[in-house]
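What you see is a predicted model, and the numbers here were worked out from it, not measured in a lab.
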Amino acid sequence: MKTILLSIVAFMSVSLSVMAEPKIKFDKTTHNYGKFKKSDGPQNCVFTFTNTGDEDLVIYRAVASCGCTVPKFTKAPIKPGATGTISVQYNASRIQLGGHFKKSITVNTNGKPELVRLFVEGDMEADVDE
């Protein structure tokens, strides 16, 4: 009888630990910088996320779709219920022409979902002296 009871307790413990996982929830997944000029300099925004799971959340990496977009993220594990940030800078000085743009940042985590795609977009207007 003790063996059966211990087996049930062990099974329930393993089942509960399998269900425990970090979960990432962003306040937004797209940021629109609006209209700006190249001479306005780099454009910045911050994406805030919350660990809605019950285990520590770790951001492994955040990679932009091009060199003109640079993400920086919280490196320390995020406790359940806590928040972290991914700041993104779009630097138009490397771009020759104006116009609409949309860039992506791919975020890899140990949580659910494991992969999240964030977007920054806007309309860069040409400076008069170009």
Would you give the length of the straight line joining atom [atom1] of [X] to atom [atom2] of [Y], rounded to the nearest 0.5 angstrom?
| X | Y | atom1 | atom2 | value |
| --- | --- | --- | --- | --- |
| Ser65 | Phe101 | OG | CZ | 10.5 Å |
| Asp40 | Met124 | CG | CE | 10.5 Å |
| Glu55 | Lys79 | CD | NZ | 9.5 Å |
| Glu121 | His31 | CD | NE2 | 9.5 Å |
| Thr74 | Lys72 | OG1 | NZ | 12.5 Å |
| Phe49 | Ile24 | CZ | CD1 | 5.0 Å |

Do the side chains of Tyr33 and Phe26 join up, straight or via other hydrophobic residues, at under 4.5 Å, putting them in one cluster? yes
Under 3.5 Å, side chain of [X] to main-chain N/O of [Y], donor-acceptor pair present?
| X | Y | result |
| --- | --- | --- |
| Asn51 | Ala82 | no |
| Gln43 | Gly41 | yes |
| Asp27 | Thr48 | yes |

Locate the shortest heavy-atom distance separating [X] from [Y]; write the atom from each residue and the value.
| X | Y | answer |
| --- | --- | --- |
| Thr83 | Thr50 | CG2-OG1, 3.4 Å |
| Asn32 | Gly122 | OD1-CA, 3.7 Å |
| Ile105 | Ala62 | CG2-CB, 4.1 Å |
| Glu21 | Asp54 | N-OD1, 2.8 Å |
| Pro113 | Thr109 | O-OG1, 3.1 Å |
| Thr106 | Arg117 | OG1-NE, 3.2 Å |

Taking the six-membered ring of Phe119 as reference, does the NZ or CZ atom of Lys103 fall below 6.0 Å from its centre and within a 45° cone about the axis? no
Taking everything shown except Lys28 itself, do over 12 heavy atoms lie less than 6.0 Å from its NZ? yes
Can you find a heavy atom in the side chain of Val70 that is under 4.5 Å from one in the side chain of Val88? no
Measure from the ring center of Phe73 to the ring center of Phe47 and say whether it is less than 6.0 Å. no
